[in-house]
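Chain naming here is simple, since letters A, B, ... match the order of the sequence lines and numbering starts at 1 in each.
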Amino acid sequence: MLDRGVLRHDLEMVRQRLAHRVEPGILDDFTAADARRRGVLTEVQALRGRRNRLSKRVAMAKRSGMDAADLVQESRKVHAQISELEDSARTLNDETQRILSQIPNLPHPNVPQGPDESANALVSHWGEPADVAFTPKPHWELGVRLGIVDFERAAKLAGSRFAVYTGPGAKLERALMNFMLDVHTSEHGYTEILPPFIANSRTLYGTGQLPKFAHDLFKLEESDYWLVPTAEVPLTNLYADETLSPNDLPISLTAFTPCFRREAGSYGRDVRGVIRQHQFQKVELVKFASPETSYGELERLTSDAEEILRRLGLPYRKVLLSSGDMGFSAAMTYDLEVWLPGLGEFKEISSCSNFEDFQARRARIRMRHPGGRRGKTEYVHTLNGSGLAIGRTWLAILENYQEADGSVTLPEALRPYAGAERIARSGVLE
RNA sequence: GGAGGAAUGGCCGAGUGGUUGAAGGCGGCGGUCUUGAAAACCGCAAGGCCCGCAAGGGUCUCGGGGGUUCGAAUCCCUCUUCCUCCGCCA
């Protein structure tokens, strides 16, 4: 959520920076509603002040044994006036809140302005595709032939966009989870968290999924429970309504969770294989940082995610998203895109963002100001990124490490976790 | 599921209708003292919103919401969460 004051005092700046992110009308809607809200609020507050002064006079009169009937009478009248105005004050307040909660974050000035991914900026490349003498197959062909993933039985159990992993397929997923968590906790300094995979509305509001993106989420019936679409939601909200000490920052958390997404509106996109599923597993990285250090922390978090790709020997590129391609809550986002030789394209495998104070304001996560600045508090900056999406890492390994005979050699770093060197043509680990 | 109890500022904790936005302690920050530190002492410190160029003023907030009252942290209703005991269960 943006600061109301910024919208009020710097509307033109906001308008420019949100050029590719909102329909201009919403900013005017807010401005108009907010002006009405402030008008009524000023009036209500003046009346309340009057009532408070009258009450004090009643108290004084009673204490000195005088008759206060007139004062009480007048105060009753004021009370009635307040009640009348309060309703419209509340309505107007809800209205501005509703509009404000649908306005996305301001992109950082270094973010390229543009309507969509065509304006994204390539930052760097790493690795080269394996030089092979055959045409690489897509992972769904490899996986089904090896018998390590089963889409038909998954469809029977749940429907389309689900997968059942079997034998070495399941173990590879588990190996990736442990490998990523180990690297992030013992080498990158993250604290491992195992959060609930269900969250309430307030929590989803805090990170910006609600109210605007309810249609992307799975809601549980007859409850205020939602399946989490990413561990970002429980991890970031861990400190909702809290005031952190600057000495504790930055806080770095990591978690393995399944992620549940409706993927409504993506019909026809990525329909084959495990690229886009209603449930996928992910190791997430989340940081809480002071405003002064948050962009340095974004670089570190991104490189922590990159480190996983490097250790696994997966070629990738790093892209700075344009203002029109970024998510709703982000101020700056790097996407890491892994090379998939079977599909012949780069595919997002991690998205690392600094949300600045946008989520912190919604979730009310503050920090006390360091260095004797009169105990003032300010909002922390929140960051997160995938470290990495496990399903996509799984398929990237299949596609990048496939051999001519359809077997898959496992990357060195993963072998201790898989207890094997390869998935043989017969579909067994050995 | 049943029966009790509880929820106060960064933390602990006082406070049952009228200068209590809130005693006291701890923790934090600044200072005095000290070569430095500790101790001691002094001082400063809640958040949101509204009016204002500012200085400053106002208003709301004692788990959430509603109510009683001229006036509510204090009384009533309701919801949530936590604790204890019983039941059930992995």
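- Nucleotides B/A55 and B/G17 are separated by 40 Å at their P atoms, to the nearest Å.
- Protein atom NZ of A/K62 is 13 Å distant from nucleotide atom P of B/U69, rounded to whole Å.
- Between A/Q359 and A/T207, the shortest heavy-atom distance links the atoms NE2-O, 3.1 Å.
- Residue A/L41 places its side chain closer to B/C49 than to any other of B/C51, B/G48, B/C49.
- Remark: B/G71 base-pairs with no nucleotide; criterion is Watson-Crick or G-U wobble with both hydrogen-bond distances under 3.5 Å.
- Rounded to whole Å, the separation between the C1' atoms of B/C88 and B/U74 comes to 39 Å.
- Within the 6.0 Å centre-distance limit, the rings of A/F218 and A/H278 are counted as a close aromatic pair.
- Across all strands shown, B/C85 pairs with B/G2; the Watson-Crick or G-U wobble distances both stay below 3.5 Å.
- Look at the C1' atom in both B/C33 and B/A40: the space between them is 9 Å, to the nearest Å.
- The residues A/E299 and A/K318 are annotated as salt-bridged, a charged nitrogen and a carboxylate oxygen being separated by less than 4.0 angstrom.
- Under the Watson-Crick or G-U wobble criterion, with both distances below 3.5 Å, B/A90 is left unpaired in every strand shown.
- Remark: the separation of the C1' atoms in B/G66 and B/G18 is 23 Å, to the nearest Å.
- At a threshold of 4.0 Å, the pair A/E378-A/R366 does not count as salt-bridged, since none of the basic side-chain nitrogens sits closer than that to a carboxylate oxygen.
- B/G28 atom C1' lies 13 Å from atom CE of A/M367, rounded to whole Å.
- For the OP1/OP2 pair of B/C70 and a distance below 4.0 Å, the side-chain nitrogens and oxygens of A/R57 include no atom meeting the criterion.
- Using atom P as the reference point in both B/G63 and B/G58, the two lie 25 Å apart (nearest Å).
- Remark: A/D304 does not engage A/R300 in a salt bridge, criterion side-chain N to carboxylate O under 4.0 Å.
- Residue-to-nucleotide proximity on RNA chain B shows that, of A/T243 and A/G39, the 5′-proximal contact is made by A/T243.
- As rounded to the nearest Å, B/U19 and B/A37 have P atoms that lie 44 Å from one another.
- Base pairing of B/A14: no nucleotide in any strand meets the Watson-Crick or G-U wobble criterion (both distances under 3.5 Å).
- Rounded to an integer number of Å, the gap from A/Q73 CD to B/G71 C1' is 15 Å.
- Nearest-nucleotide positions on RNA chain B for A/L54 and A/R366 put A/R366 closer to the 5' end.
- Using a 4.0 Å cut-off between charged side-chain N and carboxylate O, A/R90 and A/D87 make no salt bridge.
- Between the CG atom of A/L71 and the C1' atom of B/U69 there is a distance of 15 Å, rounded to whole Å.
- Taking atom CG of residue A/L47 and atom P of nucleotide B/G71, one finds them 13 Å apart after rounding to whole Å.
- In this structure, CZ of A/R4 is placed 8 Å from P of B/C49, rounded to the nearest angstrom.
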>> Strictly under 4.0 angstrom, non-hydrogen atoms only: write out the protein contact profile of nucleotides 55-67 of chain B, one letter per nucleotide from the 5' end, B, S or -.
In response: ---BSS-----S-

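- A/E306 has a carboxylate O that lies under 4.0 Å from a charged side-chain N of A/R310, or vice versa, which qualifies the two as a salt bridge.
- Counting to the nearest Å, the P atom of B/G17 and the CE atom of A/M60 are 21 Å from each other.
- Residue A/R57 qualifies as open at atom CZ: its count of foreign heavy atoms under 6.0 Å is 12 or below.
- Remark: B/U19 base-pairs with no nucleotide in the shown strands. Criterion, Watson-Crick or G-U wobble with two distances under 3.5 Å.
- Residues from residues 74-83 of chain A placing a heavy atom under 4.0 Å of any atom in RNA chain B, listed by number, are A/S75, A/R76, A/H79.
- With salt bridges taken as basic N to acidic carboxylate O contacts below 4.0 Å, none links A/K77 and A/E74.
- Between A/R38 atom CZ and B/G48 atom C1' the separation is 16 Å, expressed in whole Å.
- Side-chain proximity of A/T42 to the nucleotides B/G48, B/C51, B/C70 is greatest for B/C51.
- B/A38 and B/C50: their P atoms are spaced 42 Å apart (whole Å).
- For A/R37, the listed nucleotide lying nearest its side chain is B/C49; candidates were B/G18, B/C49, B/G10.
- At a threshold of 4.0 Å, the pair A/D335-A/K347 does not count as salt-bridged, since none of the basic side-chain nitrogens sits closer than that to a carboxylate oxygen.
- Rounded to whole Å, the separation between the P atoms of B/A6 and B/G15 comes to 13 Å.
- Salt bridge annotation for A/R261-A/E263: absent, with no cationic side-chain nitrogen under 4.0 angstrom from a carboxylate oxygen.
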